[in-house]
*Asks:* 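Pasting a structure below so you can have a look.
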Amino acid sequence: MQKSILITGGAGFIGSHVVRLFVNKYPDYRIVNLDSLTYAGNLENLKDIDQAANYHFSKVDIAHEELLKEVFNDYQVTEVIHLAAESHVDRSISDPLAFVKTNVIGTVNLLNVAREFWKDKQNHLFYHVSTDEVYGSLDEGGYFTEKTPYDPQSPYSASKASSDHFVRAYANTYGLKTVISNCSNNYGPNQFPEKLIPLCIHNIKNNKPLPVYGKGENVRDWLYVEDHARAIDLIFHQGKPGATYNVGGFNEWKNIDIVRLLCKIMDKKLGRKPGESADLITFVKDRAGHDLRYAIDADNIKNELGWEPSLTFETGIEKTVDWYLNNQDWLERVTSGDYQKYYEQHYG
Ligand SMILES: Cc1cn([C@H]2C[C@H](O)[C@@H](COP(=O)(O)OP(=O)(O)O[C@H]3O[C@H](CO)[C@@H](O)[C@H](O)[C@H]3O)O2)c(=O)[nH]c1=O
């Protein structure tokens, strides 16, 4: 075994794509997926690779330091790719403490265990996968670069900014080798349908209202999740110790335009009259403190590591819609909340 990599949050949306890529691409690495399987974590996302010889799963909450120590010991962990997080901004508004517990305390626990376990700290890497939301909100002009000062606006982004700061503090104070990436909005298969794109696909299919916050003028930069996983692979292997990399799609959309595009694609796929699904669009009360615009300058990772998105948005969004339409049972299960039962039957 060359490396024994602990990937936290590996049963979640982005995490599962990272786990799959590493398990398939690096048969000589031991990949340990550590996930507490909250509502958004789902081992079904990994059923195509869960029999692989280099794949292991451990159901542990990163807030539980003692159990983390056992995992480090059992698997002799040599690197961490840390993705486990509470990730939904709306949930952070109604329950900020849950975000502090997982995103801040969980990250610090993980850092503590890593720093105690790794005697020669420069031989190991702690990679924190973070978000562009730490930079705050832009108006019409400009981009977030790696030098943009942090200015988090929601409890979610404050918790992620805090975890980024802890990672840097551990590099500075204890000599831990670290790297951080901050990525824009991801879309693709296996995203929990509380997030805009899968929520809309699900609701269009079921003729339910499409809730657009405020006037739908807020702008997000969208990246296909497998392109993000490729960026993580590159940063993990070739990123400079101590560096930060911004990852984005150079693909800005107003929310209302994304929702209209999804309606158009779905009208065609479902054999509806043009414009039929758009009747479901419903403008609702705005999210509290709603950030207006996120836009990532991803030139640095392009110039330094040669990474660029491989899919156009047109291709990625078609693939995404097709995946959800072909996986209605997955959508039904995760939205009806009976995933726990399914998990126990299939994996328990
Ligand atoms: C769920 C929902 C969202 N929205 C709006 C709010 C946002 O402006 C936009 C996208 O919302 P969300 O899908 O919740 O994603 P957003 O708040 O941008 O945050 C995402 O992107 C971030 C990266 O920028 C990640 O760090 C977060 O974990 C991820 O959740 O759509 C609506 O208008 N209606 C909705 O029902």
Side-chain angles (χ1 to χ4, degrees), residues 9 12-15 38-41 82-94 98-99 102-103 128-138 143-144 148 150-164 180-188 190-204 208-225 227-228 231 246-263 280-298 317 320 335:
F13 166 50
I14 300 172
T38 62
Y39 75 96
H82 176 34
L83 295 112
E86 289 293 337
S87 68
H88 191 42
V89 175
D90 295 322
R91 287 180 192 253
S92 82
I93 294 168
S94 47
F99 286 67
T102 299
N103 301 359
H128 186 221
V129 178
S130 189
T131 171
D132 62 354
E133 297 198 15
V134 297
Y135 298 121
S137 181
L138 294 164
Y143 291 91
F144 299 135
T148 303
Y150 278 26
D151 187 21
Q153 299 293 315
S154 71
Y156 162 69
S157 51
S159 71
K160 290 298 285 185
S162 172
S163 55
D164 283 0
I180 296 175
S181 58
N182 298 86
C183 188
S184 64
N185 285 60
N186 282 213
Y187 70 98
N190 295 121
Q191 188 170 32
F192 193 80
E194 63 187 352
K195 306 283 166 62
L196 183 69
I197 288 181
L199 177 91
C200 286
I201 297 173
H202 185 56
N203 287 10
I204 294 170
K208 287 197 192 145
L210 308 176
V212 175
Y213 298 164
K215 295 189 175 124
E217 296 287 311
N218 305 66
V219 174
R220 298 291 182 265
D221 168 21
W222 294 94
L223 178 67
Y224 193 68
V225 62
D227 276 330
H228 186 192
N246 280 356
V247 185
F250 285 108
N251 177 41
E252 289 182 50
W253 286 78
K254 280 187 183 169
N255 292 339
I256 185 65
D257 294 334
I258 286 271
V259 176
R260 288 204 177 107
L261 174 70
L262 288 169
C263 289
L280 298 167
I281 294 174
T282 309
F283 291 94
V284 298
K285 190 164 160 261
D286 210 351
R287 173 184 278 173
H290 197 171
D291 288 338
L292 179 65
R293 174 172 167 255
Y294 306 139
I296 278 273
D297 177 341
I317 201 78
T320 301
T335 47

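In each ligand, atom 1 is the first atom listed, and ligand 1 is the first ligand listed.
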*Asks:* Identify, with sequence neighbours excluded, every residue that meets salt bridge (Lys or Arg N to Asp or Glu O under 4.0 Å) alongside D90.
*Replies:* R287

*Asks:* Suppose we screen for salt bridge (Lys or Arg N to Asp or Glu O under 4.0 Å). Which residues come up paired with D227, at least two apart in sequence or across chains?
*Replies:* R230

*Asks:* Please tell me whether Y135 and Y150 form a close aromatic pair, meaning their ring centres lie under 6.0 Å apart.
*Replies:*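 Centroid separation for Y135 and Y150: below 6.0 Å.
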
*Asks:* Anything with a heavy atom under 4.0 Å from ligand 1 counts, so go ahead and list those protein residues by chain and number.
*Replies:* S87, H88, V89, T131, D132, E133, Y156, C183, S184, N185, E194, K195, L196, L199, P211, V212, Y213, N218, R220, N255, R287, H290, Y294

*Asks:* Answer yes or no for R293 and Y143: cation-pi contact, defined as NZ/CZ to six-membered ring centre under 6.0 Å and angle to ring axis within 45°.
*Replies:*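 Yes; both conditions hold, so R293 lies above the ring face of Y143.
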
*Asks:* Residues two or more places apart in sequence or in another chain: which of them pass ring pair (Phe, Tyr, Trp, His ring centres under 6.0 Å) with H228?
*Replies:*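 H228 satisfies ring pair (Phe, Tyr, Trp, His ring centres under 6.0 Å) with no residue once adjacent residues are dropped.
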
*Asks:* Using 30° and 60° as the class limits, which term best fits the ring planes of Y187 and Y224: parallel, tilted or perpendicular?
*Replies:* perpendicular

